[in-house]
Amino acid sequence: MRYIILLILLLRQLLSQEYTLGEGVKLFDTPIYLGGYTTMDYLHRSDDYNRFRLDEVALLGYGHYKRFSFMSELLYKESYVKEWGKVEDEKVGTPLTIERLYLDYRVNDALTLRAGKFNTPVGYWNLEPINVLRDSASNPYLAYIIYPRYTTGVLLTYADTFYSNASYTLIAQNNNDLDDAYNNISVKKHYALGYEYTFENSLQLKINGGYFQTTKKEESKYALASLEYDVSSYKINAAFGLRQGDKGKWSVPYAFYLQGVYRLSEEHNFIGRYESYEIDEGAMRKEQIAIFGYTYRPLYPIALKVEYQAHEYRNENQLHLAFSVMF
């Protein structure tokens with residue numbers, strides 16, 4: 001009953017003020033905003049595998065007060081999945097997970113301290129976790145196999161933009177994840193450094209390096225170099241990374257992607273991406289992937305995406321359709 005009462009109060013508050021789609025709604029007279037997003041998609045693979053899923057249902061809370069700001073993101077991931085063709089299955093219901101939950105404190109104009117669970121600030125791709133805000137329907141494999149996508153710990157960011165185009169990051173985790181169920185790699189320790197330089201012609205370069213220990217006490221070191229070039233009509237992203245495991249063994253000898261986005265207009269974007277990676281999955285697996293996509297945005301917080309992936313393993317070629325909206 002209390003959830004129904006809360007929903008009624010939120011709807012009443014929403015109707016009592018001006019609302020812009022994608023910006024959330026202010027919670028009464030507080031500095032807190034509530035929003036959310038959802039994604040559903042359909043995938044068809046060339047080996048007669050089909051999948052429809054309600055992939056994301058998320059509630060966002062955010063706000064700031066003086067030197068403090070916060071972000072919370074609670075997510076139902078794959079809350080409904082229907083598979084048919086090669087596999088026949090239907091799954092309903094997943095536990096609520098904590099994707100992000102952190103507090104920021106701005107020490108001064110250059111230094112910011114963050115504590116909680118947050119997106120690991122490695123590269124550029126990992127800093128856009130919400131599907132509707134990304135250009136493409138899928139993530140490159142590099143984003144899953146090099147580093148933990150989420151860190152539960154502290155983050156120091158130093159960026160004195162008045163005097164320098166460089167910025168620096170330091171992250172430290174010496175504890176279990178706030179929600180182990182939602183991370184690509186389950187870790188109990190994670191330390192990393194980052195350096196970024198922004199050029200005047202809209203080009204950004206970043207170098208990251210780190211160490212982590214999994215909950216199974218497996219240790220890894222990783223490094224990543226990435227760039228982003230963003231102008232009015234197109235954007236280019238690229239990254240190259242590697243990961244070394246226990247006893248000097250290369251668990252990921254290399255992973256690379258290059259993605260270009262051409263903005264025909266605010267509503268119509270065309271995407272191309274090339275990926276190549278090698279990963280030790282008990283036996284080494286190498287693959288190259290070419291991806292071609294199109295995104296239509298009738299409004300910026302609404303995205304309809306279609307994407308075709310041509311894999312080196314042809315039975316994995318796939319068509320991917322996705323619809324996302326941010327509230």
Side-chain angles (χ1 to χ4, degrees), residues 39 41 43 45-46 51 53 55-56 77-78 99 119-151 182-185 192 194 196 203-210 212 220 222-230 234-244 250-263 269-281 284-295 303 305-314 316-322 324:
T39 299
D41 63 9
L43 183 143
R45 210 165 57 199
S46 57
R51 183 195 68 203
R53 64 181 178 177
D55 185 32
E56 298 173 323
K77 181 70 174 174
E78 295 188 337
E99 182 165 0
N119 292 91
T120 303
V122 171
Y124 293 102
W125 194 279
N126 203 48
L127 300 181
E128 289 189 352
I130 299 177
N131 189 299
V132 67
L133 301 179
R134 293 198 307 263
D135 295 303
S136 59
S138 64
N139 296 312
Y141 277 78
L142 177 147
Y144 296 104
I145 61 178
I146 299 291
Y147 52 84
R149 296 185 67 192
Y150 298 93
T151 299
Y182 198 80
N183 207 347
N184 60 319
I185 303 173
E196 180 181 21
L203 174 65
Q204 296 175 287
L205 298 176
K206 186 185 286 190
I207 299 173
N208 296 97
F212 63 85
S220 288
Y222 66 87
L224 187 82
S226 51
L227 68 83
E228 180 172 281
Y229 182 64
D230 193 351
Y234 62 91
K235 181 169 72 172
I236 296 173
N237 283 93
F240 176 87
L242 43 80
R243 176 159 63 95
Q244 186 180 56
W250 290 101
S251 47
V252 183
Y254 68 88
F256 167 80
Y257 80 86
L258 172 65
Q259 176 169 293
V261 178
Y262 174 65
R263 302 183 179 108
N269 294 342
F270 295 91
I271 298 99
R273 186 167 78 234
Y274 169 76
E275 299 184 42
S276 180
Y277 69 90
E278 181 177 351
I279 182 171
D280 186 353
E281 296 179 326
M284 279 293 181
R285 173 186 169 101
K286 297 182 180 179
E287 188 173 20
Q288 299 181 77
I289 310 168
I291 296 171
F292 308 93
Y294 164 73
T295 297
K305 303 176 184 179
V306 57
E307 181 177 286
Y308 181 76
Q309 300 183 10
H311 287 247
E312 188 171 347
Y313 301 93
R314 295 185 179 180
E316 298 181 7
N317 291 350
Q318 56 190 251
L319 177 68
H320 191 182
L321 309 175
S324 304

P253 to M284 - nearest heavy-atom pair and separation: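 For P253 versus M284, the nearest heavy atoms are CG-CE, 3.8 Å.
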
Shortest non-hydrogen contact between N131 and S324, atoms and distance: OD1-OG, 3.2 Å

Worked verdict on L142 versus F256 for side chain to side chain contact (heavy atoms under 4.5 Å, CB included): CA-CA 7 Å; L142 177 147; F256 167 80; 5.6 Å; no

Electrostatic pair E128-R134, nearest N-O below 4.0 angstrom: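 The answer is no: the pair does not qualify as a salt bridge.
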
Which residues share a side-chain contact (heavy atoms from CB on, under 4.5 Å) with Y294, sequence neighbours left out: H268, F270, Y296, V306

Non-neighbouring partners of Q244 that pass side-chain contact (heavy atoms from CB on, under 4.5 Å), sequence neighbours left out: K221, W250

Derivation and outcome, side-chain hydrogen bond (donor to acceptor under 3.5 Å, both in side chains), residues N237 and E228: CA-CA 5 Å; N237 283 93; E228 180 172 281; 2.9 Å; yes

Sub-3.5 Å donor-acceptor pair from the side chain of [X] to the main-chain atoms of [Y], do we have one?
X    : Y    : answer
N126 : T120 : yes
N184 : Y144 : yes
D55  : T39  : no
K305 : H320 : no
E312 : Q288 : yes
T295 : D135 : yes
E316 : R314 : no

Steps toward side chain to side chain contact (heavy atoms under 4.5 Å, CB included) verdict (Y257, W125): CA-CA 11 Å; Y257 80 86; W125 194 279; 3.6 Å; yes

Point-to-point distance, once rounded to the nearest 0.5 Å, from [atom1] of [X] to [atom2] of [Y]:
X    : Y    : atom1 : atom2 : value
N208 : I146 : CG    : CD1   : 11.5 Å
R53  : D41  : CZ    : CG    : 4.0 Å
T151 : N183 : OG1   : CG    : 7.5 Å
K77  : E99  : NZ    : CD    : 8.0 Å
Q259 : I291 : CD    : CD1   : 7.5 Å
I207 : S226 : CD1   : OG    : 8.5 Å

F292 CZ: over 12 foreign heavy atoms closer than 6.0 Å: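 No.
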
Row check, Y124 ring normal vs K206 NZ/CZ: under 6.0 Å, within 45°: yes

Lys/Arg cation over aromatic Y254: R243, 6.0 Å, 45° cone: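 Because its charged atom misses either the 6.0 Å distance or the 45° angle limit, R243 does not stack over Y254.
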
Set of side chain to side chain donor-acceptor pair (under 3.5 Å) partners for H311, sequence neighbours left out: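 Partners of H311 by the side chain to side chain donor-acceptor pair (under 3.5 Å) criterion, ordered by chain and then number, come out as E287, Q309.
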
4.5 Å side-chain heavy-atom contact, R149 and N139: yes

Criterion side chain to side chain contact (heavy atoms under 4.5 Å, CB included) on I185 and F212, from CA distance to verdict: CA-CA 10 Å; I185 303 173; F212 63 85; 3.9 Å; yes

Side chains of S138 and E307, donor plus acceptor under 3.5 Å: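 Their side chains do contain a donor-acceptor pair, which is all the 3.5 Å distance test asks for.
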
R273-S136 side chain donor-acceptor pair, cut-off 3.5 Å: yes

Aromatic ring pairing Y141/Y277, orientation class (parallel under 30°, perpendicular over 60°, tilted between):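 It falls in the parallel class, under 30°.
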
Side chain to side chain contact (heavy atoms under 4.5 Å, CB included) evaluation trace for L242 with V252: CA-CA 5 Å; L242 43 80; V252 183; 5.6 Å; no

